[in-house]
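Both ligands and their constituent atoms are indexed starting at 1 by order of listing.
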Amino acid sequence: MSNSAPVGVFDSGIGGLTVAQEVIRQLPHESVIYFGDTARVPYGPKSPDTVRRYSREIASFLNEQGVKSIVIACNTATAHALTALRQEMDMPIIGVVEPGARAAVAASKRGHIGVIGTAGTIKSGAYERAIRALEPDIMITVRACPLLVPLVEEGWTEHEATRLVAKEYLQPMIDAEIDTLVLGCTHYPLLKALIADVLGPDVRLIDSAEETAAETARTLATANLAAESDADPTYRFIASDDPLQFLQLGQRFLGGTMEGVEIRTLG
Ligand code: DGL
């Protein structure tokens with residue numbers, strides 16, 4: 001496999017662009033192909049089998065495009081499909097759960113971590129398993145926050161309605177006195193300021209996007225797959241539906257890095 005091959009990044013839709021953005025920022029010489037499954041979003045409420053099937057289809061499409069590694073930028077897809085893709089694909093596969101869990105354990109001062117995510121991610125127990133594998137006795141409080149994804153997609157990242165919803169979801173975490181909160185969904189980094197405001201200054205927020213990009217850098221280096229330091233990167237963005245809406249929302253995440261969007265239907 002060539003070091004100049006692109007890194008594949010995929011998500012159920014646009015949210016994974018928070019991860020792609022960090023990969024582009026932290027690995028400025030890596031080319032990236034991003035696939036957003038906008039035709040089948042959201043993955044959060046879907047069954048593990050369905051999410052695994054979608055993830056396999058996307059991984060095989062990215063493989064056909066010649067990627068050297070795949071970043072599953074979606075927490076729900078990581079929770080349901082990381083193990084299967086690691087077994088089935090002949091390249092490094094990076095998920096968002098382990099990096100987030102590691103950063104949370106390192107950040108936690110009083111040993112009480114909160115995790116928020118989609119219904120699928122929380123029900124899977126993936127974050128609890130990953131955190132307990134590192135620190136068996138740590139306290140963990142989890143909460144599914146399904147209403148936050150549509151509010152972010154509506155662009156309501158600072159809206160009073162979003163603050164009320166976030167407060168409702170997070171009050172049990174405040175009462176339980178968590179000291180660290182994992183933002184276990186692609187969309188939540190866009191609510192970082194609002195969530196920090198609701199939780200107050202004593203709670204550390206863990207952004208899986210930053211941690212996953214750092215993990216991608218380490219994985220590529222270990223596998224001798226990192227791009228050369230003089231490589232000129234290229235970026236492709238592909239959506240499975242409505243590329244125009246993807247472009248408009250995507251530019252909110254990525255600005256000018258996203259010049260256009262291709263369309264590709266899978267399944
Ligand atoms: N990308 C999903 C995640 O991180 C959120 C959106 C969805 O439900 O598909 O879990």
Ignoring hydrogens, what is the shortest heavy-atom contact between Pro189 and Asp207? Give both atom names and the distance. CG-OD1, 3.6 Å
Keeping to residues at least two apart or across chains, list the ring pair (Phe, Tyr, Trp, His ring centres under 6.0 Å) pairs with something in residues 106-164. Trp156-His159
Contact summary for Ile138 and Arg132, nearest pair of heavy atoms: O-NH1, 2.6 Å
Under the criterion side-chain contact (heavy atoms from CB on, under 4.5 Å), which of Val9, Ile70, Val7 is the partner of Leu62? Ile70
Pick from Arg25, Lys192, Arg102: which one makes a salt bridge (charged side-chain N to carboxylate O under 4.0 Å, His left out) with Glu210? Lys192
Contact table, ligand 1 N/O with protein N/O, distance under 3.5 Å:
unit_1	atom_1	unit_2	atom_2	d
ligand 1	1 (N)	Asp11	OD1	2.7
ligand 1	1 (N)	Ser12	OG	3.1
ligand 1	1 (N)	Thr186	OG1	3.0
ligand 1	4 (O)	Asn75	N	3.0
ligand 1	4 (O)	Asn75	ND2	3.2
ligand 1	4 (O)	Thr186	N	3.0
ligand 1	4 (O)	Thr186	OG1	3.3
ligand 1	8 (O)	Tyr43	N	3.4
ligand 1	8 (O)	Gly44	N	2.9
ligand 1	9 (O)	Ser12	OG	2.6
ligand 1	9 (O)	Tyr43	N	2.7
ligand 1	10 (O)	Thr76	N	3.1
ligand 1	10 (O)	Thr76	OG1	2.6

Any salt bridge linking Arg52 with Glu88? Criterion: basic side-chain nitrogen under 4.0 Å from a carboxylate oxygen. no
